[in-house]
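Each remark here refers to the structure printed beneath this line.
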Amino acid sequence: MKRCVIVGGADINNYSYIRNCLREDDYIIFCDSGLKHMDALQVIPGLIVGDFDSHDNPHFDIETIVLPCEKDDTDTVFAVKEALKRGFDDFLLIGVVGARLDHTLGNVSILLYLDSLGKKGIIIDDYSEMEIISNKPAYIEDSYAFFSLLNVTGTAKGITIENAKYPLENAEITCEYQYGISNEVLPGRRAKVTVLEGKLLLIKDRE
């Protein structure tokens, strides 16, 4: 199954990097003001969704779902749910991390939602990549400048970090004490992170 890429309206500065993350066979959904990125990303959407409160409906000859302004789901959440209905299980979200902290946190929670369904989800912005670690190991290459592990669900137990500057073995991280920030992969190694109970947000910083 092809990957679904969902484009939100948060700022993107490093278009060159983001374009390099895209694949020719990606199915791309633009959400409302995410349409402002279409020319710079040099891609054609397969679907456009939105209530068009922050961007005019372009009325392209492309499938478009017009949403009401008053609704429970954000345009981005609706796009994810619509893609799930269409059978996608691999997601890349871009343009979803920005100045609006409420939107950023809401979009990060989409990764938790996808993980709960057994789907793969990654957020990429100008500086970092984010994903959820739960029942499968995660690996971090030494090409990343830093990586951080944040508890976003309550308590995560049985955390083990190997091949990193600050290793852990069978540790616990709570939401009240986030001490897993700014770790580094040992040069020439590949870090491995496992969690026995709970979930962690892994953020890999490129610079």
Side-chain angles (χ1 to χ4, degrees), residues 1-6 8 17-18 20-23 25-29 76-77 79-94 96-97 104-125 127-206:
M1 188 68 186
K2 295 189 296 184
R3 181 178 64 173
C4 180
V5 176
I6 295 179
Y17 177 79
I18 299 299
N20 286 335
C21 295
L22 301 178
R23 306 169 185 164
D25 64 344
D26 282 332
Y27 181 79
I28 300 178
I29 303 177
T76 308
V77 170
V80 169
K81 289 183 176 179
E82 182 64 26
L84 288 167
K85 290 179 184 177
R86 300 182 184 209
F88 290 95
D89 55 16
D90 186 4
F91 290 81
L92 171 63
L93 283 72
I94 57 179
V96 298
V97 174
T104 294
L105 293 177
N107 290 332
V108 168
S109 73
I110 291 173
L111 297 180
L112 290 169
Y113 174 62
L114 291 172
D115 183 77
S116 72
L117 299 174
K119 311 299 183 182
K120 180 181 178 182
I122 296 176
I123 291 175
I124 293 180
D125 63 15
Y127 309 100
S128 60
E129 301 173 20
M130 308 175 202
E131 62 185 282
I132 295 297
I133 306 176
S134 55
N135 57 0
K136 295 180 180 178
Y139 298 92
I140 306 104
E141 306 297 335
D142 68 348
S143 56
Y144 292 95
F146 302 98
F147 71 92
S148 297
L149 297 169
L150 294 168
N151 190 325
V152 289
T153 61
T155 297
K157 300 179 179 179
I159 303 165
T160 298
I161 303 175
E162 303 174 43
N163 299 326
K165 183 176 181 179
Y166 305 109
L168 285 178
E169 183 174 356
N170 197 30
E172 177 179 310
I173 296 177
T174 66
C175 287
E176 293 80 14
Y177 183 34
Q178 304 278 10
Y179 64 88
I181 296 174
S182 290
N183 207 337
E184 300 175 36
V185 181
L186 294 176
R189 307 294 290 275
R190 187 187 193 207
K192 178 182 179 181
V193 180
T194 54
V195 182
L196 295 181
E197 181 181 334
K199 300 182 181 185
L200 293 172
L201 175 65
L202 168 63
I203 303 177
K204 299 182 287 188
D205 294 309
R206 297 189 298 275

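For the numbers below, each heavy atom of this structure counts, side chains included, while hydrogens, waters and symmetry mates do not.
- Looking at Leu149 and Leu201, their side chains never come closer than 4.5 Å, going by heavy atoms from C-beta outward.
- In this structure, Asn183 and Ala164 approach most closely via the heavy-atom pair OD1-CB, 3.7 Å.
- For the pair Phe147/Ile203, no side-chain contact is recorded, criterion being any heavy-atom separation below 4.5 Å from C-beta on.
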Could you give me the CA-CA distance, side-chain angles and deciding distance for Asp26 and Arg3, then say whether salt bridge (charged side-chain N to carboxylate O under 4.0 Å, His left out) is met? CA-CA 5 Å; Asp26 282 332; Arg3 181 178 64 173; 2.8 Å; yes

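- For the side chain to side chain contact (heavy atoms under 4.5 Å, CB included) with Lys119, the qualifying choice from Leu114, Asp90, Val80 is Leu114, the only one to do so.
- At a threshold of 4.5 Å between non-hydrogen side-chain atoms, the residues Leu111 and Ile123 count as touching.
- The closest side-chain heavy-atom distance from Lys199 to Asp115 is below 4.5 Å.
- Residue-environment remark: OH (Tyr127) stays at or below the threshold of 12 foreign heavy atoms within 6.0 Å.
- Two residues are said to be in side-chain contact when any heavy atoms from C-beta on lie closer than 4.5 Å; Gln178 and Ser148 fail this criterion.
- For Arg86, the salt bridge (Lys or Arg N to Asp or Glu O under 4.0 Å) test picks out Glu63, Glu82, with sequence neighbours left out.
- The minimum heavy-atom distance linking Ser128 with Asp205 is given by the pair CB-OD1, 3.3 Å.
- Taking each heavy atom of Cys4 and Ala83 in turn, the nearest pair found is SG-CB, 3.7 Å.
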Does the side-chain contact (heavy atoms from CB on, under 4.5 Å) test come out yes or no for Val5 and Leu22, once each step is laid out? CA-CA 8 Å; Val5 176; Leu22 301 178; 4.0 Å; yes

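- For the residue pair Ile124 and Glu129, the shortest heavy atom distance occurs at CG1-CG, 3.9 Å.
- Checked by atom type and distance alone, the side chain of Asn151 pairs as donor or acceptor with a backbone atom of Thr153 at under 3.5 Å.
- Between Tyr177 and Tyr179, the ring planes lie tilted relative to each other; the angle falls in the 30° to 60° range.
- Considering CD1 of Ile140 and CG of Asn163, their distance stands at 10.0 Å, rounded to 0.5 Å.
- Taking 4.0 Å as the cut-off between side-chain N and carboxylate O, Lys120 and Asp89 do not count as a salt-bridged pair.
- Side-chain contact between Ile161 and Tyr166 is absent, with no heavy-atom pair separated by less than 4.5 Å.
- Here the OG-CD distance, from Ser134 to Glu197, works out to 12.5 Å after rounding to the nearest 0.5 Å.
- Taking the side chain as every heavy atom from C-beta outward, Asn107 and Val97 never approach each other to under 4.5 Å.
- Atom OG1 of Thr194 and atom CD1 of Ile133 lie 8.5 Å apart (nearest 0.5 Å).
- A distance of 7.5 Å separates OG1 in Thr104 from CE in Met130, rounded to the nearest 0.5 Å.
- Once rounded to the nearest 0.5 Å, the distance linking CD of Glu131 with CG of Leu200 reads 11.5 Å.
- Proximity of a side-chain donor or acceptor of Asp142 to a complementary backbone N or O of Gly188 within less than 3.5 Å is detected.
- Here the side chains of Leu112 and Ile132 are in contact, with some heavy-atom distance below 4.5 Å.
- To the nearest 0.5 angstrom, Leu150 atom CG is 5.0 Å from Ile181 atom CD1.
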Evaluate the salt bridge (charged side-chain N to carboxylate O under 4.0 Å, His left out) criterion for residues Lys204 and Glu141: first the C-alpha distance (whole Å), next the side-chain angles of each, then the deciding distance (0.1 Å), finally the verdict. CA-CA 9 Å; Lys204 299 182 287 188; Glu141 306 297 335; over 6 Å; no

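- For Arg206 and Tyr17, the positive end sits near the middle of the six-membered ring, less than 6.0 Å away and at most 45° from its axis.
- Here the shortest heavy-atom pairing between Cys21 and Leu92 reads O-CD2, 4.2 Å.
- Judged purely by distance below 3.5 Å, without hydrogens or angles, the side chains of Glu184 and Tyr144 never pair a donor atom with an acceptor atom.
- Considering every non-hydrogen atom in both Val195 and Ala156, the closest pair reads CG1-CB, 4.3 Å.
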